[in-house]
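Sequential numbering from 1 along the given sequence is applied to the chain's residues.
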Amino acid sequence: VLDANNWWLRDGNGNIVQETATTWFLDVGKAGFKEAYLTSLLARTAGKGFDGIVFDYWVPDMISRWIVNKGLPVPPSYANDTVWQENAWKPFLNYVMTGVRAAGYRMIGNEAGAYRSGSSIKDWQRTLIDGTVYESWGVGWQGQWLDPAIIDERIANYRDDPLEAWTADLLRVAHAEYDRKHRAALAMYYLAANANMIRFYHHYRDSKVFWEPISDFDVG
């Protein structure tokens with residue numbers, strides 16, 4: 001279906017845009033794509049008893065991130081991120097999120113946008129969903145320690161976020177000072193947790209189900 005409808009996102013050379021050697025991107029602005037996506041999604045989730053759906057890959061800057069930054073020419077249809085957003089990204093999200101909500105599901109967007117992000121497109125994305133995931137939380141994307149000012153800002157934004165909010169830190173057990181960083185990230189969560197809102201804490205560790213002793217507690 002993808003090849004028959006030419007739904008691949010292609011750069012100015014006509015090559016399919018890739019993130020990695022095993023990950024290729026689709027053009028959500030192509031005719032018929034958003035309709036097929038929603039139809040397939042609802043068919044696969046029907047009757048499963050799901051309360052909602054988590055959507056990953058919220059990338060409103062697709063053109064600059066995965067084409068321009070790689071030194072590739074932009075496709076004729078998308079000269080820049082703004083064109084991509086207006087002609088592909090926004091129509092796709094509007095259509096799919098409206099359809100998913102009409103089917104009775106709640107929606108969580110992974111890195112869809114933190115509260116007070118300063119980004120107009122992320123602020124817009126947040127209007128479509130019930131919750132967002134702070135995938136970078138207590139550490140940076142490579143597991144590095146963060147500047148105290150960034151930590152203070154994240155705590156405040158997470159505490160005040162009116163949406164359901166999860167942390168899904170990319171902190172891995174292989175990162176230097178894993179134990180200290182885990183404890184720091186968990187302390188941040190306790191400082192930021194808002195008793196009036198739905199909040200969850202988690203981090204990557206080794207991508208397997210795990211339980212940390214620090215999470216133990218005695219209810220008497």
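Tested against Phe92 for a ring-ring contact (aromatic ring centres under 6.0 Å, His included), the candidates Tyr57, Trp84, Tyr37 yield a single pass: Tyr37.
At a threshold of 4.5 Å between side-chain heavy atoms, the hydrophobic network of Ile, Leu, Val, Met, Phe, Trp and Tyr places Trp145 and Ile155 in two separate groups. Cluster annotation: Tyr115 and Phe200 are assigned to distinct hydrophobic clusters (Ile/Leu/Val/Met/Phe/Trp/Tyr, side-chain heavy-atom contacts under 4.5 Å, transitive).
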Note to self: Could you walk me through whether Phe55 and Leu41 satisfy the side chain to side chain contact (heavy atoms under 4.5 Å, CB included) test, starting with their C-alpha distance in whole Å, then the side-chain angles of each, then the deciding distance to 0.1 Å, before giving a yes or no?
What the structure shows: CA-CA 11 Å; Phe55 292 90; Leu41 174 64; 3.8 Å; yes

- request: Mind running side chain to side chain donor-acceptor pair (under 3.5 Å) on Trp89 and Gln125 for me, showing each step along the way?
  value: CA-CA 10 Å; Trp89 189 237; Gln125 289 178 165; 2.8 Å; yes

Can you give the donor-acceptor pairs under 3.5 Å from side chains of residues 94-102 to other protein atoms, not counting sequence neighbours?
{"from": "Thr98", "atom 1": "OG1", "to": "Asn94", "atom 2": "O", "distance (Å)": "2.6"}
{"from": "Arg101", "atom 1": "NH1", "to": "Asp130", "atom 2": "OD1", "distance (Å)": "3.2"}
{"from": "Arg101", "atom 1": "NH2", "to": "Leu128", "atom 2": "O", "distance (Å)": "3.1"}

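Contact check for Tyr134 versus Trp166: no side-chain heavy atoms found under the 4.5 Å cut-off.
With sequence neighbours left out, the side chain to side chain donor-acceptor pair (under 3.5 Å) criterion links Asp27 to Tyr78. Every residue two or more places apart in sequence or in another chain that forms a side chain to side chain donor-acceptor pair (under 3.5 Å) with Thr23 is listed here: Thr20.
Sorted by first and then second residue, the side chain to side chain donor-acceptor pair (under 3.5 Å) pairs with a member in residues 185-200 form an empty list; sequence neighbours excluded. For residues 71-86, the set of pairs meeting the salt bridge (charged side-chain N to carboxylate O under 4.0 Å, His left out) definition, not counting sequence neighbours, comprises Glu86-Lys90. Applying the salt bridge (charged side-chain N to carboxylate O under 4.0 Å, His left out) definition to pairs two or more places apart or across chains, those involving residues 154-163 are Arg116-Asp160, Arg126-Asp161.
Checked by atom type, the side-chain pair Trp124/Gln85 shows no donor-acceptor distance below 3.5 Å. Between the side chains of Glu153 and Tyr158, not a single donor N or O lies within less than 3.5 Å of an accepting N or O. Defined by atom type and a distance below 3.5 Å, a donor-acceptor pair is missing between the side-chain atoms of Asp11 and Trp66. Looking at His203 and Tyr201, their side chains do bring a donor and an acceptor atom within 3.5 Å of each other.
Remark: Arg183 CZ to Glu212 CD distance equals 8.5 Å, nearest 0.5 Å.
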